[in-house]
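Notes follow the structure.
Every chain is numbered from 1, with letters handed out A, B, ... down the list of sequences. The structure displayed is predicted, hence computed values, not measured ones.
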There are 2 protein chains.
Amino acid sequence: MDYRPEDILPSISTDNIIFGLDNRKLKVLLIRRNIEPFLGNWALPGGFVLYNEDLDMSARRTLQNMTGMSNVYMEQVYTFGAVNRFPDRRVVTVAYYALINYTLDNLKAGPDASDINWFDILELPDLVFDHQHILETTLEFLRAKVRTEPIGFELLPQKFTLTELQGLYEAVLGTVFDTRNFRKKILKMNLLMPLDETQVGVAHRAARLYSFNKETYHKLKDKGFTFEL
Amino acid sequence: MDYRPEDILPSISTDNIIFGLDNRKLKVLLIRRNIEPFLGNWALPGGFVLYNEDLDMSARRTLQNMTGMSNVYMEQVYTFGAVNRFPDRRVVTVAYYALINYTLDNLKAGPDASDINWFDILELPDLVFDHQHILETTLEFLRAKVRTEPIGFELLPQKFTLTELQGLYEAVLGTVFDTRNFRKKILKMNLLMPLDETQVGVAHRAARLYSFNKETYHKLKDKGFTFEL
DNA sequence: GCAAAAGTGTTGAGCGTACACCCATGC
DNA sequence: GCATGGGTGTACGCTCAACACTTTTGC
């Protein structure tokens with residue numbers, strides 16, 4: 001997709017940090033640039049903001065172009081505007097992160113990129129510009145947020161086991177939880193609906209499936225409840 | 001102070017939410033615009049970002065111009081970029097808040113304003129553009145932050161009493177604390193240095209003065225301590 | 001039957017909360 | 001001496017952390 005120069009705000013971009021969970025590993029989507037500067041290097045996906053779109057819309061547009069997904073949890077993190085963060089000219093970038101269901105389907109690199117790939121946050125390649133810094137800042141932000149708001153569920157399929165949930169938090173926070181205590185704590189909140197379903201096709205005792213109940217959360221929140229892990 | 005048009009990034013501004021504590025009331029500095037649009041209305045102080053300054057520098061420049069203060073606690077909050085937030089053209093603004101020692105001295109309205117004044121956050125005038133929204137967002141941000149990092153001290157003079165400290169938290173958070181419990185909690189953290197000084201000129205028992213020890217805090221923080229109120 | 005993960009309770013320590021009275025000072 | 005805020009301790013309930021074994025299922 002190309003845009004006419006007169007439709008583009010020249011000095012403002014949005015960059016996306018798109019997180020996905022792959023088998024207890026937190027991963028982030030990166031693209032390989034096929035334009036100068038830094039042709040061939042890995043970068044956060046992003047693009048310039050258009051005159052007729054909000055910042056949020058700009059970030060969602062990028063995400064949609066790359067993954068085909070539109071109804072996704074996204075949040076603004078921070079704005080990076082050091083004078084020399086971008087070569088040759090001044091570009092201020094607003095960072096957004098997204099939590100999506102990990103997938104390998106439908107990934108498109110987009111017009112400015114030759115490749116797109118998931119990277120484990122513990123094994124990142126070198127990134128262009130200040131993207132390493134942006135990613136680190138966002139990870140800190142996510143780690144703080146995930147502890148105090150029930151957003152982690154966005155990384156899981158609708159139906160999940162308690163072990164998967166625990167693995168998610170361990171991957172994001174880089175810690176280990178005591179299984180019994182974790183279950184007690186999360187179940188006492190009453191945010192999870194136990195389903196009459198269990199895992200299928202596993203070579204061991206099948207775990208019960210749960211789903212997160214957003215409505216219940218909002219009701220509880222209105223009454224003063226705060227999620228805290 | 002005027003700037004040449006070619007030195008100015010046309011589409012990006014910073015806006016400052018400057019907080020001060022006046023006798024157990026949380027106040028914010030506003031200016032009265034003396035330019036169109038919305039001439040004569042109250043607004044957050046701010047201005048366009050220059051090509052040769054970082055976003056942080058831009059916010060600090062505004063603050064310095066208005067208060068003469070330079071060594072001040074400041075932090076970026078959020079970036080507001082709705083298409084129609086600013087009339088006639090597209091302006092994205094990055095909000096910063098500052099915590100300063102309340103003062104009436106040296107306040108200067110600046111070139112685009114005819115007046116400058118402190119307002120109680122509970123008695124705000126109508127504000128231009130989306131400044132009301134920006135202010136509310138920033139207040140929420142501050143309330144969350146003040147609970148988990150010892151930044152409240154920035155609003156107090158170097159030497160303060162425990163009652164003043166308690167009053168500060170009550171003003172910012174809009175709550176009431178139990179005096180005994182508040183003192184126990186804050187003193188147990190070992191962040192306050194009791195001084196061999198007391199209040200002077202008060203018509204009651206003079207309270208002991210304390211000062212906040214930033215070094216101690218950073219040492220404790222490195223060891224895993226987290227401030228929590 | 002064995003490998004692999006699911007699932008489950010108790011105890012002790014520390015923390016948060018609730019609560020009321022005497023003290024020092026200035027006028 | 002009185003008005004004003006300064007300063008202090010205890011007891012209870014709750015939450016958090018530590019800790020190990022049995023159950024179910026597929027192969």
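Side-chain proximity of A:Arg205 to the nucleotides C:dG26, D:dT8, C:dA6 is greatest for C:dA6. Checking C:dT17, D:dC19, C:dA5 against the side-chain heavy atoms of B:Asn181 singles out C:dT17 as nearest. Listed nucleotides: C:dA20, C:dG7, C:dT8. Nearest to the side chain of A:Arg180: C:dT8. Comparing C:dG16, D:dT25, D:dG9 by their closest approach to the side chain of A:His204 singles out D:dT25. With D:dA18, C:dT25, D:dG9 as the candidates, the nucleotide lying closest to the side chain of B:Lys184 is D:dG9.
Rounded to whole Å, atom P of D:dT24 lies 13 Å from atom CZ of A:Arg208. For the pair A:Phe182 CZ and C:dA6 P, the interatomic distance rounds to 12 Å; values are reported in whole Å. Distance A:Gln166 CD to C:dA5 P: 13 Å, rounded to the nearest Å. Between the CZ atom of A:Phe225 and the P atom of D:dT15 there is a distance of 12 Å, given to the nearest Å. Following rounding to the nearest Å, B:Met189 (CE) and C:dC15 (C1') show an atom-to-atom distance of 12 Å. Distance B:Arg183 CZ to D:dG6 P: 7 Å, rounded to the nearest Å. Following rounding to the nearest Å, A:Glu228 (CD) and C:dG16 (C1') show an atom-to-atom distance of 14 Å. In this structure, B:Phe177 places its CZ atom 12 Å from P of C:dA18, rounding to the nearest Å.
Within the nucleic acid shown, A:Thr163 comes within 4.0 Å of sugar-phosphate atoms alone, with no base atom in reach, counting heavy atoms only.
Comparing B:Gln199 and A:Ala203 against DNA chain D, the residue whose closest nucleotide sits nearer the 5' end is B:Gln199. Summary of the strand contacts: B:Asp178 and B:Lys185 both lie near DNA chain C, and taking for each the nucleotide with the nearest heavy atom, the more 5' one is attributed to B:Lys185. Of the residues near DNA chain D, B:Ala207 and A:Ala206, the one whose nearest nucleotide (by heavy atom distance) lies more toward the 5' end is B:Ala207.
In terms of modelled atom types and a separation under 3.5 Å, the side chain of A:Gln76 and the main chain of B:Thr79 share a donor-acceptor contact. A donor-acceptor pair under 3.5 Å links the side-chain atoms of A:Trp118 to the main chain of A:Thr103, judged by distance alone.
In this structure, CZ on A:Phe80 lies 5.0 Å from CD1 on A:Ile134, to the nearest 0.5 angstrom.
Residues A:Tyr210 and A:Thr161 form no side-chain contact, since every pair of their non-hydrogen atoms from C-beta on lies 4.5 Å or further apart.
Two rings, from B:Phe38 and B:Phe129, have their centers less than 6.0 Å apart.
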